[in-house]
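Down below is the structure, laid out as structure tokens.
Both backbone and side-chain heavy atoms feed into the values below; hydrogens, waters and symmetry mates do not. Numbers restart at 1 for each chain; the letters A, B, ... are given by sequence-line order, proteins then strands.
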Amino acid sequence: MTNKKFYVTTAIDYVSGEPHVGHAYQKIIADVLARWNKIQGKDVFFLTGTDEHGQKISKAAEKAGKSEKEFVDELSKKFKQAWKSLNLDYDRFIRTTDKDHEEKVQEFIKLMNKKGDIHKGKYSGLYCVDCEAYVTEKDLVGGKCPFHPNKELTELSEEAYFFKLSKYQNKLLELYEKNKKYILPKFRRQEIINRVKEGLKDLNITRTNFSWGIPFPLDKKHVTYVWYEALLNYITGIDWPSKKFKKFWPADVQLLGIDNSWFHCVIWPAMLMSVGIKTANTILINGFLTFNSQKISKSLGNVISPIALEEKYGADSIRYFVCRNFVFGQDGDFSEQALIDRHNNELANKLGNLVSRVTSLAEKYGIEKTKNKLIKKLKLKKIENYFENYELDKILNEIFAFIDVCNEYVQSKKPWETHDKKVLYELVDSIKAIAILLWAFIPETSEKIAKQFNFKIDYNEIEKPLKVEKIKKEGILFEKI
RNA sequence: AGCGGGGUGGAGCAGUCUGGAGUGCUCGCAGGGCCCAUAACCCUGAGGUCGCGUGGUUCAAAUCCCGCCCCCGCUACCA
């Protein structure tokens, strides 16, 4: 944590469907990382957005009776609204249909071509005429197209352009070896290494059977393959190759779901190596969530909008829950009951009630500056270390353990009997530290606390003694559900 | 098939890498305390052979090694 800048990116979501908690989970974590670095005084850039090209979208738009542009505009807006409702403070929401992205992708391709890493070849596979698309082996149902089981598939072969991915096998393995934190968590790293060792094929990066995409600059008959182009958002989003790019790149953390780890851990760094751009510092892979123990899927009808959840539970409770309840990297279950339990017990009863009882007492009896001995129980170093390893659940565990300590302190010191202003000062000053540490996770709540006690949310303020002022109790922080 | 993850008191999870009394968290259950506070807060207790071998290493294993069983993911041109 010595850099003065911090650049974090998330996966850009494919707008073939609506946003759900799985998407939200990852964005929230990115926001927490961004905010944590902000209060450390760093210059932070947080990029998120939507991925909007490709045949699937083209087809979905057609089905909805809309133009592709109309279709993606609508969905992209929904993602934006969802992130707004969760209080995500991103710096840019990139869309792969943004003009600057499209232009820069073409520049990038030309550059890669100059490096000699693009060649023309033949792509062949099983083609479904009714879908007008290739069917991958995995999607085959009884050897047939899953959507048209009565039609025979034809072995088709067409002209395509390829990126010389195979050339980078050893360089990639070197990268994983040299930068042990390139892929996190560790078990994902091992997974990727094993697969890369099995060998890499060149990657087909163009299509000719549809047109909803970025024109391939080397050959007008071709459209750039979505994946290849979408990956570039991480550098086009900060105006590669401008000054801004030079300031923020390489990204400190790129958050991704397990579904696209292959692209981000293998193809993406190879692309950068090809044109001589540094690779990111860390690719951080989050696990997948189920919702109330069910897979999140359209067919099960449980794609709950993050906006609906926010209206029901509030942004801070959702943010808190996803950071606290899941071990980062592993899969987890977003259970509404568990969310409610944590909201009631941890946010309302522990944190909310602590603030409530202390403000009441402080308002009645006042506070008097003294050395805060209570705060020694707060293990700041430990918390900072956890952050280095992105162990958000443990950070919250640690902070809430300190909240327990504060509640015990109130209990044992009985300030309602003693009217001890110094004890109350210690408590208020400790709550200040708690609120600052929690800001990245539950910004609204932290700001409410800061307003009552009149301090600034800044990491350096944790160790500065609180200025004594008149305290006035305001409303409750968390209503119970 | 290959690779990976999981199997811990009634429920859901941490803890396993870096071995040290079964420790912890959120609940549930049984008792008590407090009255400042959101019927919140605090204390005490019951409850587990940490998937199986009754395997190996060790003074010591939930943690390391070996074997087995059961769940769940991933396997590139699908974004």
Side-chain angles (χ1 to χ4, degrees), chain A residues 11-17 50-57 96 123 125 133-139 160 162-163 165 185-198 200-207 225-231 257-263 265-267 287-288 290 293 295 324-327 329-333 335 337-338 341-342 344-365 391 393-394 396-397 400-401 404 406-419 424 427 473 475-480:
Chain A
I12 51 173
D13 300 304
Y14 200 59
V15 290
S16 63
T50 43
D51 182 8
E52 308 186 354
H53 288 128
Q55 188 172 29
K56 215 166 162 180
I57 283 171
T96 54
Y123 175 74
Y134 288 96
V135 186
T136 56
E137 222 167 284
K138 187 183 153 198
D139 290 331
F162 287 83
F163 162 48
L165 181 62
K186 269 189 262 174
F187 67 88
R188 296 293 178 205
R189 171 174 177 267
Q190 204 45 52
E191 225 169 68
I192 295 289
I193 290 175
N194 290 341
R195 282 177 62 196
V196 170
K197 279 184 180 161
E198 286 168 19
L200 296 174
K201 286 190 269 180
D202 289 345
L203 181 76
N204 171 0
I205 57 169
T206 66
R207 295 289 186 275
Y225 174 46
V226 241
W227 255 118
Y228 175 88
E229 162 250 304
L231 287 167
I258 178 62
D259 54 337
N260 40 34
S261 63
W262 178 258
F263 281 87
C265 297
V266 180
I267 296 167
F288 262 16
T290 49
S293 301
K295 242 182 190 176
R324 174 68 185 81
N325 201 53
F326 308 121
V327 182
Q330 290 187 11
D331 291 350
D333 181 44
S335 133
Q337 191 52 53
D341 284 348
R342 288 202 187 269
N344 287 340
N345 291 303
E346 294 167 25
L347 293 176
N349 291 350
K350 285 177 189 274
L351 174 60
N353 187 51
L354 173 68
V355 173
S356 175
R357 67 202 298 209
V358 170
T359 32
S360 279
L361 291 163
E363 183 177 359
K364 238 181 271 177
Y365 308 119
E391 296 174 298
D393 57 316
K394 290 188 185 150
L396 289 172
N397 212 5
F400 274 74
D404 285 344
C406 292
N407 269 320
E408 286 160 30
Y409 197 68
V410 178
Q411 197 69 26
S412 65
K413 292 285 177 185
K414 302 187 195 307
W416 59 88
E417 270 176 34
T418 64
H419 305 184
L424 290 172
L427 284 162
K473 185 170 177 176
I476 271 170
L477 292 177
F478 297 94
E479 296 284 348
K480 285 206 223 171

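Separation of the C1' atoms belonging to B/rA30 and B/rA46 is 7 Å when rounded to the nearest angstrom. Taking the P atoms as reference points, B/rU8 lies 15 Å from B/rG48, given to the whole Å. The gap from the P atom of B/rG4 to that of B/rC68 amounts to 15 Å, rounded to the nearest Å. Nucleotides B/rC64 and B/rG6 are separated by 10 Å at their P atoms, to the nearest Å. If you take atom P in B/rA11 and the same atom in B/rC35, they sit 38 Å apart, rounded to whole Å. Atom name P, nucleotides B/rU57 and B/rC66: the rounded distance is 15 Å, in whole Å. Nucleotides B/rC34 and B/rC70, compared at atom C1', are 49 Å apart to the nearest Å. B/rC59 sits 31 Å from B/rG47 when the C1' atoms are compared, rounded to a whole Å.
Atoms CH2 (A/Trp262) and C1' (B/rC77) sit 11 Å apart, rounded to a whole Å. Separating the CZ atom of A/Phe326 from the C1' atom of B/rG6 is a distance of 16 Å, rounded to the nearest angstrom. For the pair A/Asp51 CG and B/rC77 P, the computed distance is 16 Å after rounding to whole Å. Protein atom CD of A/Glu346 is 17 Å distant from nucleotide atom P of B/rG24, rounded to whole Å. To the nearest angstrom, P of B/rA37 lies 18 Å from CG of A/Leu351. Remark: C1' of B/rA76 and CG of A/Leu200 are 9 Å apart, rounded to the nearest angstrom. Computed from coordinates, the A/Asn397 CG to B/rA14 P distance equals 12 Å when rounded to whole Å. Atom C1' of nucleotide B/rC74 and atom CD1 of A/Ile193 are separated by 16 Å, given to the nearest angstrom.
Of the possible donor and acceptor atoms, one in the side chain of A/Tyr14 sits under 3.5 Å from a partner among the backbone N and O of A/His53. A donor-acceptor pair under 3.5 Å links the side-chain atoms of A/Thr359 to the main chain of A/Val355, judged by distance alone. A donor-acceptor contact shorter than 3.5 Å is absent between the side chain of A/Asp331 and the backbone of A/Gly287.
Listed by chain and residue number, nothing satisfies the salt bridge (charged side-chain N to carboxylate O under 4.0 Å, His left out) test with A/Asp333 (two or more places apart in sequence, or in another chain). Annotation: side-chain contact (heavy atoms from CB on, under 4.5 Å) contacts of A/Asn397 (sequence neighbours excluded): A/Arg324. Residues forming a salt bridge (charged side-chain N to carboxylate O under 4.0 Å, His left out) with A/Lys394 (at least two apart in sequence, or on another chain): A/Glu391. Residues that satisfy the side-chain contact (heavy atoms from CB on, under 4.5 Å) test with A/Ala338, not counting sequence neighbours, are A/Phe321, A/Ser335.
The residue A/Gly352 sits close to a base: some heavy atom pair falls under 4.0 Å. Among the atoms of the strands shown, only primed sugar atoms or phosphate atoms (P, OP1, OP2) are found under 4.0 Å from some heavy atom of A/Tyr225. Backbone-only contact: A/Lys473 has heavy atoms under 4.0 Å from sugar-phosphate atoms and none from a base. As judged by a 4.0 angstrom heavy-atom cut-off over every strand, A/Glu479 is placed among residues making no nucleic acid contact. Using a 4.0 Å heavy-atom cutoff across all strands shown, A/Leu477 reaches at least one base atom of the nucleic acid. Residue contacts for A/Arg188: at a heavy-atom cut-off of 4.0 Å it reaches no nucleic acid atom on any strand shown.
Remark: B/rA30 base-pairs with B/rU44; criterion is Watson-Crick or G-U wobble with both hydrogen-bond distances under 3.5 Å. With a cut-off of 3.5 Å on both pairing distances, B/rA62 has no Watson-Crick or G-U wobble partner at all. Partner assigned to B/rA39 is none, using Watson-Crick or G-U wobble distances below 3.5 angstrom. Across all strands shown, the partner of B/rA1 is B/rU75, judged by Watson-Crick or G-U wobble contacts whose two distances both fall under 3.5 Å. Pair assignment for B/rC13: B/rG24, on the basis of Watson-Crick or G-U wobble contacts that are both within less than 3.5 Å. With a cut-off of 3.5 Å on both Watson-Crick or G-U wobble distances, the partner of B/rU49 is given as none.
Among the nucleotides B/rC74, B/rU38, B/rG15, the one closest to the side chain of A/Ile476 is B/rU38. Side chain of A/Ser360, nearest nucleotide from B/rA37, B/rU26, B/rC77: B/rA37. Distances from the side chain of A/Lys56 to the nucleotides B/rC74, B/rC77, B/rC78 place B/rC78 closest. Which of B/rC25, B/rU75, B/rA14 sits closest to the side chain of A/Lys394 comes down to B/rA14. The side chain of A/Lys201 sits closest to B/rC77 out of B/rC36, B/rC77, B/rU38.
A donor-acceptor contact closer than 3.5 angstrom is absent between the side chains of A/Asn407 and A/Gln411.
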Protein-nucleotides 40-43 of chain B N/O pairs closer than 3.5 Å?
residue: B/rA40; atom: OP1; partner: A/Lys480; partner atom: NZ; Å: 3.3
residue: B/rA40; atom: O5'; partner: A/Lys480; partner atom: NZ; Å: 3.0
residue: B/rA40; atom: O2'; partner: A/Asn349; partner atom: O; Å: 3.4
residue: B/rA40; atom: O2'; partner: A/Asn353; partner atom: OD1; Å: 3.3
residue: B/rA40; atom: O2'; partner: A/Asn353; partner atom: ND2; Å: 2.9
residue: B/rC41; atom: O4'; partner: A/Asn353; partner atom: ND2; Å: 3.4
residue: B/rC41; atom: O2'; partner: A/Arg357; partner atom: NH1; Å: 2.8
residue: B/rC41; atom: O2'; partner: A/Gln411; partner atom: OE1; Å: 3.4
residue: B/rC41; atom: O2; partner: A/Gln411; partner atom: OE1; Å: 3.2

Between the protein and nucleotides 7-13 of chain B, list the N/O to N/O atom pairs that are separated by less than 3.5 angstrom.
none

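Going from atom CG of A/Asn204 over to atom CZ of A/Phe163 covers 13.0 Å, rounded to the nearest 0.5 Å. In this structure, CG in A/Leu477 is found 9.5 Å from CG in A/Leu347, a value given to the nearest 0.5 Å.
Summary of the strand contacts: A/Asp13 and A/Pro415 both lie near RNA chain B, and taking for each the nucleotide with the nearest heavy atom, the more 5' one is attributed to A/Pro415. Along RNA chain B, the nucleotide closest to A/Ser356 and the one closest to A/Phe162 are compared, and the more 5′ of them pairs with A/Ser356.
Below 30°, between 30° and 60°, or above 60°: for A/His419 and A/Tyr365 the angle between ring planes is below 30°, a parallel geometry.
Around the NZ atom of A/Lys473, the shell of radius 6.0 Å holds more than 12 heavy atoms that belong to other residues, nucleotides or ligands.
When side chains are defined from C-beta on, A/Asn353 does not count as touching A/Phe478, because their heavy atoms never get closer than 4.5 Å.
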